[in-house]
Each structure stands twice: as C-alpha cells, then as structure tokens.
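Worth knowing before you read on, the calculation uses all heavy atoms, side chains too, and leaves out hydrogens, waters and symmetry mates.
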Amino acid sequence: MQRSTPRQEVSFPSGGVTLAGYVYPAQNTGAPVGLAIIVHGLNSNADKMLPLITYYQERGWTCFAFDGTGAGASEGDSVRGLNQQRLDLEAAISYVAGQPELASLHCVLVGHSMGGHAVTSAFADGIDQQLDIRAVVVFSAFNSGVETTDVLFDEYLGPAATLLKPWVWVAYHTTFGPAADVTAVDGINATSTPFMCVYGTEDEAVPAWMSGIPAHASEITNTNVELVEVEEKYRNTHSTLWLTADSAQYALEVWDKRDALLNALDGDPTNDPFYLQFIEGVDKDRMSRTDPDLMQRVESFCRDRV
C-alpha cells in the first residue's frame, strides 16, 4: 500500500540509539478526532502498519508510528528481544508528550504482537501519566517475552526445549533486567483504561490460549477488557487479523513465496534480480485491504472513548 498522504519524519532517542518516527496527519478538514499511536511487531516496521494507519487517518485521526530499535530506518544492530518495543514505546510517548500539537489530543494506542505487548505492559510504568490515553487495541499480543519464547521452543525443539529454557530466562534478564518480568497483564491491571484484545484461532506465533493475553484472562482485574476472537479462515493467523479474507489469503501466499525465495538465495536479496522481480510483482493494494466489520468495531471502540 502506498502512503495516501505525506508524513512528517521525526527522530527521538531510546536507550542510546536514535529511532525514526512518523506523524501522519488526519485526513479531514476539521479538528482531529484524536491521536492514534500505532506500534509494529517483530520483523516489521512502521510501513507495515500502513493498512491500520490509513484506516485511522481516513476517519479523522492523526497517527504516530515509529520504527523500533533495529528496525526500518532506526538505529540498532538488532531488535535485542521481545521486551525492547516496550522501552521504545515509552521513549516515543516521552517524545509525543513534548509536542504540544500531539500531546493536546486524546490518545489511543494500537499494537500488533510485540507492539501489542508494548502498549499493554507499558502501563505498569505509568505511561498514562504522560498522555491522556483513552483506549488500547492489541492484535495477537503476547503476555510475556520469556513465556512466548518458551512456548515456541516447545513447539519447534521438542525435548531439547527443556535444556534451553533456563538460558532464555538468563538472556532476557541480562538484556532487560527487571523489565523482563513485566507482563501485559501487569500493565492492564495497573489502569482502568479500556482494552480490546483481538486474537486469531490459528495464530502460529502467539497461540492465544498458550502465550497470548487470553491464556491469562483469569488474572485480569481490569473490568474494561474485551476479548475478540477471529475464526474466519486466512484472517485468523498472527498477522492477518485486520485484513479481508481475500487479502489475508493473498498475503499468506506472498509471504510463503518470499520465504522460499529467501531460503534459496545466497547473499543480499536486494541484489538478486529474481527476488526484486517478485517483490515488484506483488499487488500491494490487494495485500492491504482491511476487513470492514472488524475495523469498524476497532475504530468505534476507540472513538467512543475520546
């Protein structure tokens, strides 16, 4: 999907690196409905959230997005781990709070996967003390970085996972210290802010009832939490929840072909003519069409609270 309006490029610090941020102006002639801060997941960047950004823009929201550490145009040699996006979000919140034209707007947070963990767990650090955050929507969000990694190890490594799990705990705590223990539920319970948690029944990366927020529903004390299950085929996977069924099916096919090409390549794929030809041939519009029913429900959930 191409950007439908210009964006303002900004930058801000996070943990010793500089992150790239983007302000997308509301597409209306009146005052913005509010500010939607939209946070990407692992192996992603702000551009990959454009279907959501554009949806909110077209309905009168100003949007703010950023490339996390090691992603997109931001600095950093790697993502560092599944807790990093929370730290980057907190840096983004501090930046936005210092911009009067943005900070004056009622705010909602929207996050996917690692970004979903960020926009929930960060409430444990009091991010709602900096901005007037009225609602949060998460797609495919996990509760804990350590738990998510453990579940994936069990799925793909079998008995060997038992030997590796202690090293996962050590690695996360070496990298993030006490922040490694902060969960999505910790953040949700630290506030009365309303949350909508959208999850798919065939999520291969964050199985909802194993490492997702729904697996910890009994621990949630915040009474303003709504769980939304997506069962429709193709739409019910980790990264296709907000797409139409046709768009989701097409996206899954494209990703499978891309991964097969990458696995067969040696060296930098951006220098390979066959890979470049494949990318050029992708129908980006078809791959980005949002499901009208779900997205209306999501945006209304936010709008009704600003």
Checklist entry - So, R235 side chain and L241 main chain: donor-acceptor pair closer than 3.5 Å or not? => result yes
Checklist entry - Hey, does the side chain of S247 reach the backbone of R286 with a donor-acceptor pair shorter than 3.5 angstrom? => result yes
Next on the checklist: Could you see if V306 belongs to whatever hydrophobic cluster contains I127? Use Ile, Leu, Val, Met, Phe, Trp, Tyr and a side-chain cutoff under 4.5 Å.
Outcome noted: no
Checklist entry - Short question: side chain of D186, backbone of T183 - any donor-acceptor pair under 3.5 Å? => result yes
Next on the checklist: Can you tell me how far apart CG (N222) and OG (S192) are? Round to the nearest 0.5 Å.
Outcome noted: 6.5 Å
Checklist entry - Is the number of heavy atoms from other residues, nucleotides or ligands under 6.0 Å of N43 CG greater than 12? => result no
Next on the checklist: Rounded at 0.5 Å granularity, tell me how far CG in L89 sits from CE in M114.
Outcome noted: 11.0 Å
Next on the checklist: Show, in sequence, the C-alpha distance, side-chain angles and deciding distance for R59 and M295, and conclude whether the side chain to side chain contact (heavy atoms under 4.5 Å, CB included) test is met.
Outcome noted: CA-CA 11 Å; R59 283 150 188 83; M295 287 309 301; over 6 Å; no
Checklist entry - Without hydrogens or angle criteria, can the side chains of D246 and T244 be said to hold a donor-acceptor pair below 3.5 Å? => result no
Next on the checklist: I'd like to check E299 versus V137 (side-chain heavy atoms, cut-off strictly below 4.5 Å). Are they in contact?
Outcome noted: no
Item to check | Within one Ile-Leu-Val-Met-Phe-Trp-Tyr cluster: W242 and V198, side-chain cutoff 4.5 Å | outcome: yes
Item to check | CA sep, side-chain torsions, deciding dist, call: D67, Y22, side chain to side chain contact (heavy atoms under 4.5 Å, CB included) | outcome: CA-CA 9 Å; D67 296 331; Y22 312 97; 2.6 Å; yes
Checklist entry - Does CD in Q296 sit with more than 12 non-hydrogen atoms of other residues, nucleotides or ligands closer than 6.0 Å? => result no
Checklist entry - At their closest point, which heavy atom of C63 faces which heavy atom of I38, and how far apart are they? => result SG-CD1, 4.2 Å
Next on the checklist: Using modelled atom types and a 3.5 Å cut-off, is there a donor and acceptor pairing between side-chain atoms of H112 and backbone atoms of H238?
Outcome noted: yes
Item to check | V119 side chain near V138 side chain, heavy-atom distance below 4.5 Å | outcome: yes
Checklist entry - What is the minimum heavy-atom distance between A46 and A65, and which atoms define it? => result CB-CB, 3.9 Å
Item to check | Closest approach of A26 to P32 (non-hydrogen atoms, all atoms of both residues) | outcome: CB-CB, 4.2 Å
Next on the checklist: As a quick check of understanding, evaluate salt bridge (charged side-chain N to carboxylate O under 4.0 Å, His left out) for R86 and E90, giving each step before the final call.
Outcome noted: CA-CA 6 Å; R86 168 170 151 246; E90 291 175 2; 3.4 Å; yes
Item to check | Side chain proximity check, Y172 to T149, heavy atoms < 4.5 angstrom | outcome: yes
Item to check | Heavy-atom donor-acceptor pair, N83 side chain to F176 backbone, under 3.5 Å | outcome: no
Next on the checklist: Is it the case that the side chain of D259 and the backbone of L262 share a donor-acceptor pair, with hydrogens and angles ignored and the cut-off at 3.5 Å?
Outcome noted: no
Checklist entry - Do the side-chain N and O atoms of Q130 and S94 include a donor-acceptor pair separated by under 3.5 angstrom? => result yes
Next on the checklist: Test of understanding: clusters of I, L, V, M, F, W, Y form through side-chain heavy atoms closer than 4.5 Å, transitively. Do F195 and Y56 belong to the same one?
Outcome noted: no
Checklist entry - Hey, does R289 have a side-chain heavy atom less than 4.5 Å from the side chain of Y250? => result no
Item to check | Point-to-point distance, once rounded to the nearest 0.5 Å, from CZ of R258 to OH of Y275 | outcome: 6.5 Å
Next on the checklist: Is there a path of hydrophobic side-chain contacts, each under 4.5 Å between heavy atoms, that joins Y24 and L105?
Outcome noted: no
Checklist entry - Within the side chain of T240, is there an N or O that forms a donor-acceptor pair under 3.5 Å with the backbone of L243? => result no
Checklist entry - How far does CD1 of I93 sit from SG of C107, to the nearest 0.5 angstrom? => result 5.5 Å
Checklist entry - Using the benzene-type ring in the case of Trp, are the ring centres of F142 and H117 under 6.0 Å apart? => result yes
Next on the checklist: On a heavy-atom basis, which atom in A205 and which in T148 lie closest, and how many Å separate them?
Outcome noted: O-CG2, 4.3 Å
Checklist outcome for this item: Rounded to the nearest 0.5 Å, the CG atom of N189 sits from the OG1 atom of T221 at a distance of 3.0 Å
Next on the checklist: Quick one, L19 and Y95 - any side-chain contact, counting heavy atoms below 4.5 Å?
Outcome noted: no
Next on the checklist: Looking at G68, is its backbone amide N or carbonyl O close enough to the side chain of D88 to form a donor-acceptor pair, meaning the two atoms are under 3.5 Å apart?
Outcome noted: no
Item to check | Worked check of side chain to side chain contact (heavy atoms under 4.5 Å, CB included) between T54 and E58 | outcome: CA-CA 6 Å; T54 300; E58 291 176 347; 3.4 Å; yes
Item to check | Taking every non-hydrogen atom, the tightest pair across G41 and S113 | outcome: CA-CB, 4.4 Å
Checklist entry - Quick one: does S74's side chain have a donor or acceptor within less than 3.5 Å of a partner on A20's backbone? => result yes
Next on the checklist: A cation-pi test, strictly: NZ or CZ of R297 under 6.0 Å from the centre of the six-membered ring of F301 and no more than 45 degrees from its axis. Yes or no?
Outcome noted: no
Checklist entry - So do D291 and V230 actually touch side chain to side chain, heavy atoms under 4.5 Å? => result no
Next on the checklist: Please verify the inter-ring angle class for F66 with H40; under 30° counts as parallel, over 60° as perpendicular, anything in between as tilted.
Outcome noted: tilted
Item to check | Contact summary for D154 and A161, nearest pair of heavy atoms | outcome: OD1-CB, 3.5 Å
Checklist entry - Do R134 side-chain atoms and R305 backbone N/O form a donor-acceptor pair below 3.5 Å? => result yes
Next on the checklist: With a sphere of 6.0 Å drawn around CG of N263, does it hold more than 12 non-hydrogen atoms of other residues, nucleotides or ligands?
Outcome noted: yes
Next on the checklist: What I'd like to find out is whether the side chain of I213 reaches to under 4.5 Å of the side chain of Y199, using heavy atoms alone.
Outcome noted: no
Next on the checklist: Membership question, hydrophobic clusters at under 4.5 Å side-chain separation (ILVMFWY): are V110 and V33 in the same one?
Outcome noted: yes
Item to check | side chain to side chain contact (heavy atoms under 4.5 Å, CB included) between T193 and L109, intermediate numbers included | outcome: CA-CA 11 Å; T193 302; L109 305 180; over 6 Å; no
Checklist entry - Atom CG of L35 and atom NE2 of H106: how far apart are they, to the nearest 0.5 Å? => result 11.5 Å
